[in-house]
Amino acid sequence: MPTAETRLATDRASRYLAQLRRHLGQMPHMSHRPPGGGHGEGTTRPEVRHVEFTGTHGTVRFAEGLWTLDATADALTLRVDADDEDALRRLQDGITARIEKIGRRDGLRVQWRRAGADTPPQMEADARSGTGEAE
């Protein structure tokens, strides 16, 4: 199961968690489509099957994977486990768009890394986009 993680340094992690909880809790009941898809490169929003949050932890079950969120005093940690590589990319793109939108005032920038990989996030992004240098 492909997995990616990121850690966002912020002293507002709990606030972001609460904001995401409100948004995601409404998604299964929404009848609108965000303009241009609004959730990454896909044209439709991901199917949310279950949302569960506490004050410091959240899980979101999508049709194609699981998103886990953990808030501490100094960071928001995100993890995505997907059914396949395409699903991982779609979920990462949608999550990145949402996090960067709600965190724009704080300048939050998501840089995913593969779980268990020692590759720094930027090098991994460069490798995916074809701009990385061969060693």
Side-chain angles (χ1 to χ4, degrees):
M1 178 173 276
T3 301
E5 301 174 324
T6 189
R7 182 179 185 277
L8 305 168
T10 177
D11 59 355
R12 298 181 187 202
S14 293
R15 179 179 149 289
Y16 288 123
L17 193 66
Q19 191 170 356
L20 289 163
R21 177 181 64 233
R22 285 189 304 272
H23 174 72
L24 291 161
Q26 294 172 358
M27 281 185 74
H29 309 290
M30 291 181 177
S31 60
H32 77 283
R33 271 194 169 168
H39 295 279
E41 294 178 9
T43 57
T44 60
R45 61 183 168 82
E47 180 186 341
V48 177
R49 294 195 172 162
H50 182 76
V51 176
E52 187 173 319
F53 280 88
T54 67
T56 60
H57 179 79
T59 56
V60 181
R61 167 60 61 191
F62 294 103
E64 298 181 305
L66 179 70
W67 178 21
T68 307
L69 307 89
D70 287 295
T72 63
D74 63 350
L76 180 62
T77 303
L78 312 174
R79 177 183 173 106
V80 178
D81 298 285
D83 293 345
D84 58 44
E85 293 293 334
D86 288 338
L88 180 64
R89 180 187 46 79
R90 283 189 300 274
L91 291 172
Q92 282 179 285
D93 289 348
I95 291 166
T96 297
R98 173 53 60 186
I99 295 292
E100 291 184 356
K101 181 176 181 177
I102 67 171
R104 68 186 175 277
R105 289 183 183 154
D106 292 333
L108 293 185
R109 292 288 173 247
V110 178
Q111 292 188 337
W112 296 100
R113 65 176 172 78
R114 294 303 289 257
D118 292 331
T119 307
Q122 189 55 50
M123 288 179 66
E124 186 173 297
D126 290 346
R128 283 194 308 268
S129 67
T131 61
E133 294 180 25
E135 292 186 35

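The residues of the chain are indexed from 1 along the displayed sequence.
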J.: Find the distance between OG1 (T96) and CD1 (I99) and round it off to the nearest 0.5 Å.
T.: 8.0 Å
J.: Within a strict 4.5 Å, meaning less than it, do heavy atoms of the T77 and E5 side chains meet?
T.: no
J.: Take R114 and E85 through the salt bridge (charged side-chain N to carboxylate O under 4.0 Å, His left out) test and state the conclusion after the steps.
T.: CA-CA 11 Å; R114 294 303 289 257; E85 293 293 334; 3.0 Å; yes
J.: How about T68 and L66: do any of their side-chain heavy atoms sit closer than 4.5 Å?
T.: yes
J.: Within a strict 4.5 Å, meaning less than it, do heavy atoms of the L108 and Y16 side chains meet?
T.: yes
J.: To the nearest 0.5 Å, what is the distance between CZ on R22 and CG on L17?
T.: 10.0 Å
J.: Of all heavy-atom pairs between A75 and A13, which one has the smallest distance, and what is that distance?
T.: O-CB, 3.1 Å
J.: Can you list the steps and then say if E47 with R49 is a salt bridge (charged side-chain N to carboxylate O under 4.0 Å, His left out)?
T.: CA-CA 6 Å; E47 180 186 341; R49 294 195 172 162; 3.2 Å; yes
J.: So which heavy atom on A82 is nearest to which on A87, and how close?
T.: CB-C, 3.9 Å
J.: Quick check on side chain to side chain contact (heavy atoms under 4.5 Å, CB included): which of L88, T3, T6 does W112 satisfy it with?
T.: T6
J.: Could R7 and D74 be called an ion pair, given the rule that one side-chain N must be under 4.0 Å from one carboxylate O?
T.: yes
J.: Please say whether more than 12 non-hydrogen atoms of neighbouring residues, nucleotides or ligands are located less than 6.0 Å from CZ in R104.
T.: yes
J.: Measure the shortest side-chain to side-chain distance between F53 and L69 over non-hydrogen atoms and say whether it is less than 4.5 angstrom.
T.: yes
J.: Measure the CD-CG distance between E52 and L24 for me, rounded to the nearest 0.5 Å.
T.: 13.0 Å
J.: What is the minimum heavy-atom distance between L20 and R98, and which atoms define it?
T.: CD2-CG, 3.6 Å
J.: So do I95 and V80 actually touch side chain to side chain, heavy atoms under 4.5 Å?
T.: yes
J.: Rounded to the nearest 0.5 Å, what's the gap from OG1 on T72 to CG on D11? Could you check?
T.: 10.5 Å
J.: OG1 of T59 to CG of D70: how many Å apart, nearest 0.5 Å?
T.: 10.0 Å
J.: As a test of understanding, state which of L78, D81, L91 forms a side chain to side chain contact (heavy atoms under 4.5 Å, CB included) with W67.
T.: L78
